[in-house]
Student: 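What follows is a single structure, and I will ask about it in a moment.
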Amino acid sequence: MENKTNSSVPKLYEAFKQSFDIGAAVNPHTIIQAGELIAKHYNSITAENEMKFASVHPTEDTYTFEQADQIVAFAKSNGMKMRGHTLVWHNQTTEWLFQEADGSPVSRERLYERLKSHIDTVVKRYKGDIYAWDVVNEVITDEGADPLRPSKWLDIAGPGFIAKAFEFAHEADPKAQLFYNDYNESNPMKRDKIYNLVKSLLEQGVPVHGIGLQAHWSLYSPGLDDIRAAIEKYASLGLRLQLTELDVSMFRHDDLRTDLVHPTEEMLELQEKRYEQLFNLLREYDKHIDAVTFWGAADDYTWLNDFPIRGRKNWPMLFNESHEPKGSFWRVVK
Ligand code: HAH
């Protein structure tokens, strides 16, 4: 391929100026390793882990905001927007949250007090800096008719914790856009469960403003028709949509190979075609979609190197391990 100097590589987000913002998930490590790339190509960021419950609120009386603050400062100094991720989730919470000091399960009332005080503290701290929050993450089941995922939140608080989280976030920052965020969002059965949950929240007057489609996708799935149907169904609620965690894994769901140290030529070609089709589709719906955030910045670091198989390399991004644009980049900016 033709060798491009750095300055002749167009900015990714500028290629989408007429359509939507382009974001990246960052962490303290990638800000150092890839800060220049991130500042050039993305006009929005999300903290990958640093605003999650366990990261900012390790004990009842302690908040640890150093890393989150650094990431917000990075966004500000580079003129980027900032999304908040995430206030209520079943993972990366802390033991103390669901327990009394003596280790017994916390009461429902106490859990609601803790929920309110957590959301109030975190959302107010970043008022004016964070324009959109993933308020509730992944409460819908992947399989089965029961819509809500079993969790300590559900066990102790009952299903009302979902609406309350949005209400508390809205009180803390009435200007912030509040999102329900989930994965496998394009699977027709899960899509309908997500749709029904959000529809019923809206009918109760709960302040939900958008749906985050995580978009942890692969070369092979989901199909474009399922993605289109999901976008149309969610948009029919009259809400804003964002892709919040986009990546395109090289591996099928059931492909457990761990031997590759480089992507094959075939993988790279399939990925170029896939990214081109995906962004063509997303541009078609740019009236509904405000932002597309990748769950990473370049192939040197991605959470998929440890998921679903610890230590298995993956190459899901538009930039390679040396931070150079891949063929997929040129297909989407064209
Ligand atoms: C996302 N879950 C989370 O929203 C994000 O916070 C995390 O950093 C990575 C991915 C996706 C997911 C998962 O964690 C487990 C099973 C399926 C999907």
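Remember, it's 1-based here, ligands and their atoms both numbered in the order they're listed. Below, all heavy atoms of this structure are taken into account, side chains as well, without hydrogens, waters or symmetry copies.
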Student: Tell me every residue that passes side-chain hydrogen bond (donor to acceptor under 3.5 Å, both in side chains) with Ser236, counting only those two or more places apart in sequence or in another chain.
Tutor: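 Ser236 satisfies side-chain hydrogen bond (donor to acceptor under 3.5 Å, both in side chains) with no other residue.
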Student: Do Arg331's NZ or CZ and the ring of Tyr275 fall within the cation-pi criteria of under 6.0 Å and 45°?
Tutor: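 Cation-pi check for Arg331 and Tyr275: fails.
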Student: With sequence neighbours left out, write down each residue that passes side-chain hydrogen bond (donor to acceptor under 3.5 Å, both in side chains) with Thr93, or none if nothing qualifies.
Tutor: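 Checked Thr93 against side-chain hydrogen bond (donor to acceptor under 3.5 Å, both in side chains); zero matches.
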Student: Could you go through residues 138-146 and list every donor-acceptor pair under 3.5 Å that involves a side-chain atom there, pairing it with any protein atom two or more places apart or in another chain?
Tutor:
unit_1	atom_1	unit_2	atom_2	d
Glu138	OE1	Trp89	NE1	2.6
Glu138	OE2	Gln214	NE2	2.9
Thr141	OG1	Asp146	O	2.5
Thr141	OG1	Pro147	O	3.3
Thr141	OG1	Lys193	NZ	3.0
Asp142	OD1	Asn184	ND2	2.9
Asp142	OD1	Lys190	NZ	3.0
Asp142	OD2	Tyr183	OH	2.7

Student: Distance under 6.0 Å and angle within 45° of the ring axis: does Arg83 meet both against Phe179?
Tutor: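 So Arg83 does make the cation-pi contact.
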Student: Give one line per pair: atom of ligand 1, protein atom, distance. Only N/O to N/O under 3.5 Å.
Tutor:
unit_1	atom_1	unit_2	atom_2	d
ligand 1	2 (N)	Glu138	OE2	2.7
ligand 1	4 (O)	Asn137	ND2	3.1
ligand 1	4 (O)	Glu138	OE2	3.4
ligand 1	4 (O)	Gln214	NE2	3.2
ligand 1	4 (O)	Glu245	OE1	3.2
ligand 1	4 (O)	Glu245	OE2	2.8
ligand 1	6 (O)	Lys52	NZ	2.8
ligand 1	6 (O)	His85	NE2	2.6
ligand 1	8 (O)	Lys52	NZ	3.0
ligand 1	8 (O)	Trp295	NE1	3.1

Student: Answer yes or no: is there a donor N or O on one side and an acceptor on the other, between the side chain of Asn43 and the main chain of Ile22, under 3.5 Å?
Tutor: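 Such a contact is found between Asn43 side chain and Ile22 backbone.
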